[in-house]
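Everything below concerns the one structure shown next.
Keep in mind that the numbers below use all heavy atoms, side chains included, and drop hydrogens, waters and symmetry copies. Letters A, B, ... mirror the listed sequences (proteins, then strands); counts begin at 1.
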Amino acid sequence: VDALFAITVAALVGSGVYAALQRNLIRVSVGLSLLLYGVNLFVLAAGQSRGHAPIRPIPEGATASDPLVQALVLTAVVIGAGTTAVLVGLVHRVFTAYGTLDQSAVADPKEPE
Amino acid sequence: MIVAPLFIAWIGALVLVFFDGRRRSVGWTALAVLATSAALAVRLAFHVAAAGPVEMTTGTWPVGIGITLRADPLGVTFAVVSLAVLAAALLYQIAAGQPTRRFPGLVLFMATGLTGVFLTGDTFNFYVFFEVAMTTAFALAAEARERREVRAALLFVTLNVIGSALFLMAVGGLYRATGSLEFRAVAGSLAGVDAPRALGIGALLLAAFGLKLGLFPFHGWLPEVYRDLRPEVAAIFSGALANIGSYGVLRFGGGLLARELDDASRLVLALGAASILYGSVAAIGARSANGVLAYSSIGQAGYVLMAAALSSPAGLAAAVVYAVVLTLNKTLLFLASGLRGPVAQAAFAAGAFSLAGVPPFAGFTAKIAIFRGGIDAGAWLPVGVLAAGSILSLVYMFPAFQRTYWRPGGPGRPVPLPAGLVLAGLVLAVVACGVAASPLLAVGDAAAAALAGMR
């Protein structure tokens, strides 16, 4: 199961980083949220035990999944949603200021005196 | 007692964010809330200095289950300094800056996040407050008027989201390796964790905090962001928000992962040296005063990292002293760079001399502390790099001063009285830390001792 988690996290983070390197800002936003989801899955996989859902009653002799990481990821998902909202808002601001979502059109290396 | 500074700023933020920050009364109310919060933090600091660290567990849970809040000398020092910087930037904005709708409320959210980061004793809680501060910073950056500000905000947000993701990964890794989130329990269990795993977590943490602090090679976002934002926002980012980076390097590198930092000390010293040299040389090439300050931030961050990587008590103490002085210098310089006239000129000159480490300014105290740490550790190469960086900072700060203030017909904006008082207060603090250095050095020693006590 660890290998499955590792492959999924790698796929999410990898495609997230790939999308974040695109020129279109919508793709960048999607890429960054994929990255955040990949990290959330990573934290979920970092639990100390794996087994039944950690809800009473837990069957006799069975191990329950570590509930702590689930609580952490719940918090992280909320934070990630907030961050994504701010990012999308900013992308909209870029669109109103520059009239385009192409990152290379936004780039302006000139330094003001 | 430990919750009070945090709670007051939070409540103030929740209320004030709904009011129009362009009205003077909202700004002054926010300043009053911030001043109260800062006063409570100072009281907490004196209590910690007299009676030792204060600790509490939320919700009356037993220790190890509830979230731990903990105020030790390192944390309260950073909390007090950051709140003071935020208050200075807020007063400056009310007097001389661009009024924007959400600024006062956002500054209070920033105060909440930063105080929380510095007063928590739990890795995940650290992440949560870290995100409160970061999201606020995103919103502050996004309150942009000009196009270049919008661009700076975009660059800042995209790269710092990645930094936050790296830190969350490190928290997950630490929990997996140690089975705990509480700082001291983590530090205790790390002794039994095999070295490659711990070093991997350390590398994630270094990347995350290096990104916040703008260390080479994680500095890509910093120059344009600091250069193009409004002076008060640049002052908040470099003077208050960047403290998360210094504090993180010290708390995690100097405290929790001290053994790993020691193992990797050559690599970390090399990164610090690269930051100093790159930042200083690039600052010489920058044209505007803000551009120079931005690149110099990269170099200055390198000093903190190098001092911490000496991994001796004297080195850690020097890193704390340097981080505090750096905060004061950067706030002073960014705020002064937004204004013209003799008062701003004198303030900028004081900041520039302090940055270069000329007595009797605070920078001198900080540089001497680092040199002492380096010589005690017998690390001659780092001492050489530090000396070269100090000379270079004089080389780049003087032209920046010339170009900003000696050019005829520059944009003349007289300094309003409250803004002048902010600058005067900061200059006074910089001179005081240079002339009477012993309290600052004692704070550094106490913080280093607190870090050593974590292991």
* Check B:Gly172 against A:Ala46 and note the closest heavy-atom contact, atom names and distance. => O-CB, 3.4 Å
* Asked: Of the backbone (N, CA, C, O) and the side chain (C-beta and beyond), which part of B:Leu181 lies under 4.5 Å from a heavy atom of chain A, both, or neither?
  -> side chain
* Test item: A:Thr75 and B:Phe124 side chains (from C-beta on) under 4.5 Å apart, heavy atoms -> yes
* Report yes if the side chains of A:Leu25 and B:Leu154 come closer than 4.5 Å at any heavy-atom pair, otherwise no. => yes
* Asked: Does the side chain of B:Tyr127 come within less than 4.5 Å of A:Ile79's, by heavy atoms?
  -> yes
* Structure fact -> Looking only at heavy atoms, the pair that brings B:Leu168 and A:Ala76 closest together is CD2-CB, 3.8 Å
* Asked: Is it the backbone or the side chain of A:Ala45 that comes under 4.5 Å from a heavy atom of chain B, or both, or neither?
  -> backbone
* Contact class of A:Leu36 relative to chain B, heavy atoms under 4.5 angstrom -> side chain
* Residue pairs involving residues 22-40 of chain A (criterion salt bridge (Lys or Arg N to Asp or Glu O under 4.0 Å); sequence neighbours excluded) -> A:Arg23-A:Asp102
* Once you round to the nearest 0.5 Å, how far does CG of B:Asn160 lie from CG of A:Leu32? -> 11.0 Å
* Would you indicate whether the side-chain heavy atoms of A:Thr83 and B:Phe138 approach each other to under 4.5 Å? => yes
* Asked: Among A:Val43, A:Leu72, A:Val86, which has the most heavy-atom pairs under 4.5 Å with chain B?
  -> A:Leu72
* Of all of A:Asp66, A:Asn40, A:Val9, A:Val17, which one pairs up most often with chain B through heavy atoms under 4.5 Å apart? -> A:Asp66
* Within a reach of under 6.0 Å around CH2 of B:Trp10, are more than 12 heavy atoms found that belong to other residues, nucleotides or ligands? -> no
* With a 4.5 Å cut-off on heavy-atom pairs, point out which of B:Val171, B:Thr158, B:Leu166 contacts chain A the most. => B:Thr158
* Asked: Considering only heavy atoms, which portion of B:Val132 lies under 4.5 Å from any heavy atom of chain A: side chain, backbone, both, or neither?
  -> neither
* To do: Working to the nearest 0.5 Å, report the span between CG of A:Leu35 and CE of B:Met169.
  => 8.0 Å
* **Closest non-hydrogen atom pair, A:Ala97 against B:Val150** => CB-CG2, 4.3 Å
* Per-residue contact mode, A:Val28 against chain B (heavy atom under 4.5 angstrom) -> side chain
* Structure fact -> For B:Ala165 and A:Val39, the nearest pair of non-hydrogen atoms, with its separation, is O-CG1, 3.6 Å
* Quick one: pull up CZ in B:Arg151 and CZ in A:Arg93 and give me the separation to the nearest 0.5 Å. => 14.0 Å
